[in-house]
Number of protein chains: 2
Amino acid sequence: MSPNVTSSAASSDAEAGQQRILEAAERLFAESGYDGTSTSAVAAAAGVSKATVFHHFPTKDALYLAVLRNSCRSGTELLAEISGSGLDALARIRRFASEHLQEMCNDEQRARLVLREVTGFGAAGGQAVAEQVVHDHFVRLVGMLREGQTAGLLRDDLDPAAAALTLMGGNLTYFLTRDVLRHLPGGNFADDPAYFSEALASIFFDGVRAGRNRSNE
Amino acid sequence: MSPNVTSSAASSDAEAGQQRILEAAERLFAESGYDGTSTSAVAAAAGVSKATVFHHFPTKDALYLAVLRNSCRSGTELLAEISGSGLDALARIRRFASEHLQEMCNDEQRARLVLREVTGFGAAGGQAVAEQVVHDHFVRLVGMLREGQTAGLLRDDLDPAAAALTLMGGNLTYFLTRDVLRHLPGGNFADDPAYFSEALASIFFDGVRAGRNRSNE
DNA sequence: GTCTATATAATGATAGAC
DNA sequence: GTCTATCATTATATAGAC
């Protein structure tokens, strides 16, 4: 149907099959994990035969890693430019945490795919691939925390890595436990990431202890 | 060999087989999850035949749930008495968080088993079973936070549920991401839970912001 | 590139001897 | 209660026609 197009979006139908397989696989792997997803299920969901799946990807492992790599790529892209704004370190940290959570909630599938590996609940050699995303976010956040320290905005007796883990941990746990959080008393904010972002930032910056004059905002 | 003993520890060898199967299954399910663990593997690890496994447990699901229930039971027991000490709310919260993390690190297998379900990376109907443990811990922690608020020790503009999730989130994320944390710059404390507990508590209570006279300790 | 048909191994689960 | 042997089903992966 389509003539020879050499653009990247080309091979119209050529790569269409592969793409449909990748999309179907992403959904299924995210939902049920590596072991819980069969190549037959992927084929059926993509509307192709099992043999077609194995034509595009030599093994199930290769398909999984292709899907995972794709999810990781989009994971790092989105947060890249946020670090580079005119805001001070504190505001950038706050914004980073908020966008990080929002990004996960906006693309649950990919986030779950990556986090499955990060938490050690994954399979295959996926952990190494997923580590890169975490590494990227972590280093970026630690950098901002260090900046805040040298600027005198943050406590200098603080371990930036531990602080980064605390902040990201809030986000990850909120995202991963939303389903059970809904059944918990007071967990009504399970569907309101922005609310939790505010609460988390408030605790992270000023602590829960009373008797201190909280500042801005 | 052993005569008729009616005590609970009895049936010497009778329940020995079942116990060996449960222990082997716990290890394997914790390592590889439900789908990643075959009944043959469980049988082999327990040193019995596959048929013996199915003699004690009607289905693989039943075996998994038995293992999970067992892990959940020990999960709730340990933290039960901590809430009831003469310490004030802040000290109890600090101690609760610290013991919670230590407990997970001391029995990684069971913690991973439960958390797999809590994070939605599990299988079968395990989530409902595991939710109880989280519910228990969560309610207990929220209660202590509320106490701290009425005692005037904690900010009263705080959402106790969000605060509880923040604190537990730090612990859960530390525990679940230790393997990748080790490869992260500054993540040397991946094998020092006590260190992270201190850092987390410090942030949780007093925040990371500078310019405030930090109090006790 | 896509299909039908198939090979081969492993899965969860059962039958029946001891 | 434990075993060997076996069932039906599903798994990943391949062969070869179109």
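Quick note: numbers below take in every heavy atom, side chains included, and nothing from hydrogens, waters or symmetry partners. Letters A, B, ... mirror the listed sequences (proteins, then strands); counts begin at 1.
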Taking only N and O in the side chain of [X], is any of them less than 4.0 Å away from OP1 or OP2 of [N]?
| X | N | result |
| --- | --- | --- |
| B/Ser49 | D/dT2 | no |
| B/His55 | D/dC3 | no |
| A/Thr39 | D/dA11 | no |

To the nearest 0.5 angstrom, please state how far the [atom1] atom of [X] sits from the [atom2] atom of [Y].
| X | Y | atom1 | atom2 | answer |
| --- | --- | --- | --- | --- |
| B/Leu167 | A/Ile203 | CG | CD1 | 9.0 Å |
| B/Ser98 | B/His100 | OG | NE2 | 11.0 Å |
| B/Lys60 | B/Phe54 | NZ | CZ | 8.5 Å |
| A/Thr177 | B/Leu165 | OG1 | CG | 5.0 Å |

Next item on the list: Locate the shortest heavy-atom distance separating A/Ala25 from A/Val42; write the atom from each residue and the value.
Entry: CB-CG1, 4.0 Å
Next item on the list: Have a look at B/Ser38 and say if it touches a base, only the backbone sugar-phosphate, or nothing, with a 4.0 Å heavy-atom cut-off.
Entry: sugar-phosphate
Checklist line | Salt-bridge present (B/Arg27, B/Glu23; N to O < 4.0 Å) | finding: no
Item checked: A/Glu147 bridged to A/Arg92 by N-O distance under 4.0 Å -> yes
Note to self: Tell me whether the count of non-hydrogen atoms from other residues, nucleotides or ligands lying under 6.0 Å of CZ in A/Arg178 goes above 12.
What the structure shows: yes
Checklist line | Minimum-distance nucleotide (side-chain atoms of B/His56 versus D/dT2, C/dG12, C/dC3) | finding: D/dT2
Notebook entry, point to check: Quick one: which of C/dT2, D/dT2, D/dT12 gets closest to the side chain of B/Thr52?
Noted result: D/dT2
Sequence neighbours left out, cut at 3.5 Å: what donor-acceptor pairs do the side chains of residues 126-133 of chain B make with other protein atoms?
| from | atom 1 | to | atom 2 | distance (Å) |
| --- | --- | --- | --- | --- |
| B/Glu131 | OE1 | A/His183 | ND1 | 3.1 |
| B/Glu131 | OE2 | A/His183 | ND1 | 3.1 |

Whole-Å gap separating [atom2] ([N]) and [atom1] ([X]):
| X | N | atom1 | atom2 | value |
| --- | --- | --- | --- | --- |
| A/Phe57 | D/dT12 | CZ | P | 15 Å |
| A/Tyr34 | D/dT12 | OH | P | 7 Å |
| B/Phe54 | C/dA13 | CZ | P | 4 Å |
| A/Asp35 | C/dA10 | CG | P | 15 Å |

Between the protein and nucleotides 5-9 of chain D, are there any N/O to N/O pairs under 3.5 Å, and if so, what are the atom names and distances?
none

Note to self: If you take any heavy atom closer than 4.0 Å to DNA chain C, which residues from residues 59-70 of chain B end up in contact?
What the structure shows: B/Thr59, B/Lys60
